[in-house]
**Student:** 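Questions regarding the structure given below will be posed in turn.
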Protein chains: 2
Amino acid sequence: MVAPERRRRVTISDVAKHAGVSKAAVSKVIRNDYGVSQAMRDRVKRAIDELGYRPQAAARALRGRAFTIGVLMQHIGIPFYAEIVTGLVDELAESEYQAIMIQGGTRDKTEKRAIDALIDRQVDGILMIAPLAARTHLEQVAREIPTLVLGRHDRSPAYDSIVDDDRVGSELVMEHLIGLGHRRIGHITFDKEHGQAADRTPQIRAETYERVMREHDLAGEIAVATTSYTEEGGYDGARELLGRSPRPTAIFAGSDEAALGVLAALHEAGLSVPGDVSVAGYDNTKLAAHPNIALTTVNQDGVVMGRTAGRLLLERIEGRTSAAHFSVIPSLVVRRSTASPRPCPAGTETQMPARTVRDVTAADAVRRRG
Amino acid sequence: MVAPERRRRVTISDVAKHAGVSKAAVSKVIRNDYGVSQAMRDRVKRAIDELGYRPQAAARALRGRAFTIGVLMQHIGIPFYAEIVTGLVDELAESEYQAIMIQGGTRDKTEKRAIDALIDRQVDGILMIAPLAARTHLEQVAREIPTLVLGRHDRSPAYDSIVDDDRVGSELVMEHLIGLGHRRIGHITFDKEHGQAADRTPQIRAETYERVMREHDLAGEIAVATTSYTEEGGYDGARELLGRSPRPTAIFAGSDEAALGVLAALHEAGLSVPGDVSVAGYDNTKLAAHPNIALTTVNQDGVVMGRTAGRLLLERIEGRTSAAHFSVIPSLVVRRSTASPRPCPAGTETQMPARTVRDVTAADAVRRRG
DNA sequence: GGAAAAATGTGTACCGGTCTACGACATTAC
DNA sequence: GTAATGTCGTAGACCGGTACACATTTTTCC
């Protein structure tokens, strides 16, 4: 067997020669530039097809664009991030741009390396999902490359941003629980001491929890456990809240991850859900939807966020200079983990619709902000 | 406020000028090339630090390497893929290479576009996780760029490959169930009719199931439902198996996804797990580990696979031409979804350790194959 | 001490595109 | 008929690196 001789790739010069025109002409056709006759266009396009030519991104990047959008995320295994990427990829599908993902990890140092890697690869735009970096660093990056930050509440005129409206989401949960008749509602949050919190999300959720409690004259029932938004954090937080007397009849965990820990703690304590304690989360992760878990939670439409991100980035690349900030309205997903505090007649299970999603349309869900 | 004037990036020429040497010298230092004195090295390195220079990947790619490994996957939200990437990133951390991920989607066309995108971006190596493409196409890609295919059983001398040893994994499940005393064990598999199956994985699992049944003189009890490896497939398959009389006391679903569907179907039928029916899956997804699900399943060490993939790709890039094929030995994770078929005395729950993972060390888990 | 060998640094042609400047030609205006 | 304008195509510099060829030292060895 002959060694597989690596055949040289077809270049723009090959196409030019094959079509009997100049390199410049081919380039113009590829980029849909001005100053090409229809005849020329057809001719070049035929040559491109015949040779199976595809421009090399690296060469293009050197002078013009790389036609690449870089997406930075801590970890690729997070379902919500996957939704965002789905939306982004969807939006970019019609364009010539390609999305590439890079893992930044959970440490400042590794994230910086990842961001640098994207810049070094000349991406045309960067979508940062919940980055750890300091705001000044983000602004510095944005000065070099169109940047969109998703999931952080600290806006900047230097870059676009998209966030979930955590106020609305938290209100939805609280009004739901209170509407069911709960009064002793606990909350699990976290602060900087317990992990990397470059963002105010937990604060907003906790503040809203307290505000709604007060608005319903339940200030005396406020009970917050400050741990972290992880399964362990939820577990610890739940144990703390359950230790109080009287114990809460409902727990609003700041995140689904934490809510899973809460469920584990309740399971261990021999308490039933929602019979003894109702549980609600935030984020609508895939786990939350599973019938064996059936967690009431808040859904952020990641796909819409991703689509919007793609659109905004393309706009920026096309030259927009003013910053755009979007807030996406979440919706409540009621499942079987929440019910009225009074137990139902023995033997019958709470009859809540298993997967009622009060969805808003994409158009409603996104609203432009000042 | 002054418009943020985009400052020109520091280039190799800037460094050369600042250090008072030639471009070529700087390039040599960067690449650790032969023919540089220690004095020169120090001088250039200082200049690099002082200016904060980082080479531009696009420019490097044009002539030499891009220092980029491309990872193709259907979807970034799959936890097992995330593990692989973790291992890969870990392995690459010491090198100068960076991993970028790209979504291929679930259709041939979108996958092809993604692969082309990687090639156009001049990546130095491609890791394809369970690609859909035909073998000939993969070989064609491998002729251009060092390629490693993960999770497909069809080897080729053109590219390296890493697979889970599905025979061993399936044996582990079956021996476990039979060891518990089960005889009527059903299996859920899928075939090409029910989805994209470029690979023989389901076949191997199903064949092993049947073989082990026969080896234990249980040929008469063999019951296979052919649906798909999805939650819906598991649901449908379980309903089919449960319809038989007598119904199986255990179900070995070909994948965790399918197992989740099985659980849903059992739940709906009012059957308890593992009291009435034991359930085992394959893949050890994150869901399977959750206490509310606690599924007995087979764990493939994705991190080890990723690390191995990284090492093999770097070897290839360095010039290895012979193909390497690795098989990773999985391990059984026993959780609460499996127990002996005879119900325990009423009131006590089956006492199985919740999260016993019989782990093999990384060294044992990977073994080289002809 | 002198020749051969090794070590070190530089000049410069690339890589494959993009893009500006410019020339040739056609069309319209006066 | 000539000038002005517009359309179309090409030449060639350029992007920021790499790597080869070569000149110039320095070292090694008799």
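Numbers restart at 1 for each chain; the letters A, B, ... are given by sequence-line order, proteins then strands. Just so it is clear, the structure is predicted and the values come from calculations on it, not from any experiment.
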**Student:** How long is the straight-line distance from CG of L118(B) back to CD1 of I100(B), given to the nearest 0.5 Å?
**Tutor:** 5.5 Å
**Student:** Does the distance from a Lys or Arg side-chain N to an Asp or Glu carboxylate O, for R65(B) and E318(B), drop under 4.0 Å?
**Tutor:**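 Salt bridge present between R65(B) and E318(B).
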**Student:** Suppose we screen for side-chain contact (heavy atoms from CB on, under 4.5 Å). Which residues come up paired with R113(A), at least two apart in sequence or across chains?
**Tutor:**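 R113(A): side-chain contact (heavy atoms from CB on, under 4.5 Å) contacts with Q98(B).
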**Student:** So, D120(B) and R9(A), do they make that salt bridge, N to O below 4.0 Å?
**Tutor:** yes
**Student:** Return the CZ to CG distance between R135(B) and D154(B), rounded to the nearest 0.5 Å.
**Tutor:** 6.0 Å
**Student:** Quantified as the angle between the terminal helix axes (five pairs each), what is the overall bend of the helix from dG1(C)-dC30(D) to dC30(C)-dG1(D) to 10 degrees?
**Tutor:** 40°
**Student:** Take the protein atom CZ of R65(B) and the nucleotide atom C1' of dT18(D), then report the distance between them rounded to whole Å.
**Tutor:** 12 Å
**Student:** Sequence neighbours excluded, which residues qualify as salt bridge (Lys or Arg N to Asp or Glu O under 4.0 Å) partners of R41(A)?
**Tutor:** none
**Student:** Quick check against the 3.5 Å criterion: does R121(B) have a side-chain atom that pairs as donor or acceptor with the backbone of A58(A)?
**Tutor:**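 Checked: no pair found.
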**Student:** Any side-chain to backbone donor/acceptor pair from E91(A) onto G310(A)? Under 3.5 Å, distance only.
**Tutor:**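 Checking the backbone N and O of G310(A) against the side chain of E91(A), no donor-acceptor pair under 3.5 Å is found.
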**Student:** Once each nucleotide of nucleotides 6-16 of chain D is scored for protein heavy atoms under 4.0 Å, what B/S/- sequence comes out, 5' to 3'?
**Tutor:** -SSBBB--BBB
**Student:** Looking at CD of Q122(B) and CD1 of I145(B), how far apart are the two atoms once the value is rounded to the nearest 0.5 Å?
**Tutor:** 7.0 Å
**Student:** Would you grab the first and last nucleotide of DNA chain C (5' to 3') that comes under 4.0 Å of any non-hydrogen atom in chain B?
**Tutor:** dA7(C) to dG16(C)
**Student:** From R307(B) CZ over to T86(B) OG1, what is the distance, rounded to the nearest 0.5 angstrom?
**Tutor:**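 Between R307(B) CZ and T86(B) OG1, I get 11.0 Å after rounding to 0.5 Å.
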**Student:** Tell me whether R143(B) is salt-bridged to E139(B), with the criterion being a basic N under 4.0 Å from an acidic carboxylate O.
**Tutor:** no
**Student:** Strictly below 4.0 Å, heavy-atom distances to any atom of DNA chain D: list the hits from residues 113-122 of chain B, or just say none.
**Tutor:**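 DNA chain D contact set from residues 113-122 of chain B: none.
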**Student:** Any salt bridge linking K112(B) with D116(B)? Criterion: basic side-chain nitrogen under 4.0 Å from a carboxylate oxygen.
**Tutor:**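 So K112(B) pairs with D116(B) through a salt bridge.
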